[in-house]
Amino acid sequence: MSVEKFLKQRAVKITVNGSYTLPNWYDAQGKLRTFACRTTRVSPFRMIVDVPVVGKVGDRLTSYFEEFGKFEGCITDTMSGSFLLELEMTHAMREKFADKLTWIEKKQKDPSIREARNNPRFVPVAPHAMLTLADGTMQSCFIIDMSLSGAAVSSEAQPPVGMPLAIGACVGRVVRHLPNGFAIKFVETYKQSELARLISRKSKELQLVSDADPVA
């Protein structure tokens with residue numbers, strides 16, 4: 001099915017963080033790479049997922065979502081920074097998943113639940129940004145979540161710990177690797193009101209990082 005047709009079907013707009021593996025994407029140790037992802041529109045049959053690496057139509061993949069669990073599926077259409085995943089499951093599993101979607105949608109609309117989420121980390125409205133590596137190479141990346149002093153990112157590249165880089169105009173350094181990406185600590189702490197603007201801007205000179213104290 002195409003994205004165009006899916007957008008005309010009954011589905012719910014639900015944001016759920018997850019991870020996925022694509023065929024023939026391996027790390028330096030020969031293991032399948034795991035990337036971060038996030039749902040944007042979901043039905044019991046298929047979902048649109050924001051991703052750092054899109055893959056190709058026909059690719060079969062395995063995905064896992066915090067509130068859904070594990071899925072097997074196939075990419076049936078792609079867009080810039082996202083794909084449409086056709087879900088493979090039994091009739092009983094699909095009915096259970098439909099009930100789960102209804103419950104999650106109600107929970108996300110509940111103001112009392114939203115107020116209780118007082119977490120310093122947050123998910124940006126626009127999850128895709130440009131990553132500038134130490135050698136000046138630029139590539140797109142997917143922001144898993146952010147704080148005022150750093151971010152968790154997933155991308156094709158897996159830069160080593162200690163490497164200086166920038167997400168948009170936010171300069172920092174890789175401080176650790178994650179199962180589905182890597183963590184960056186910014187050189188300075190930003191205001192939340194500034195982050196969206198800085199992330200979308202061209203990167204500053206990475207020389208700023210080398211002048212800063214090393215991150216332990």
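What you see below is based on every heavy atom in this structure, not just the backbone, and it leaves out hydrogens, waters and symmetry mates.
- No donor-acceptor pair under 3.5 Å is formed between the side chain of Ser82 and the backbone N or O of Thr78.
- The list of salt bridge (Lys or Arg N to Asp or Glu O under 4.0 Å) pairs with a residue in residues 140-161, not counting sequence neighbours, reads Arg121-Asp145.
- Exactly one of Phe65, Phe83, Phe71, Phe142 qualifies for a ring pair (Phe, Tyr, Trp, His ring centres under 6.0 Å) with Tyr20. That residue is Phe83.
- Listed by first and then second residue, the side-chain hydrogen bond (donor to acceptor under 3.5 Å, both in side chains) pairs that reach into residues 31-44 are Asn17-Arg38, sequence neighbours excluded.
- The side-chain heavy atoms of Ile144 and Phe182, taken from C-beta on, include no pair separated by under 4.5 Å.
- Between Cys74 and Glu88 the shortest heavy-atom distance is CB-OE2, 4.3 Å.
- Salt bridge annotation for Glu67-Lys100: absent, with no cationic side-chain nitrogen under 4.0 angstrom from a carboxylate oxygen.
- Without hydrogens or angle criteria, His177 side chain to Ala183 main chain gives no donor-acceptor distance under 3.5 Å.
- Within a 6.0 Å radius of CZ in Arg176, no more than 12 heavy atoms belonging to other residues, nucleotides or ligands are found.
- Panel note: side chain Gln158, backbone Gly181; a donor-acceptor pair is recorded below 3.5 Å.
- Using a 4.5 Å heavy-atom cutoff, the side chains of Phe186 and Leu195 are in contact.
- Thr76 places none of its side-chain heavy atoms less than 4.5 Å from the side chain of Arg46.
- With hydrogens and angles ignored, the 3.5 Å screen pairs no side-chain donor or acceptor of Asp99 with any backbone N or O of Lys96.
- Two different hydrophobic clusters hold Phe97 and Phe45 under the rule that ILVMFWY side chains link at heavy-atom gaps under 4.5 Å.
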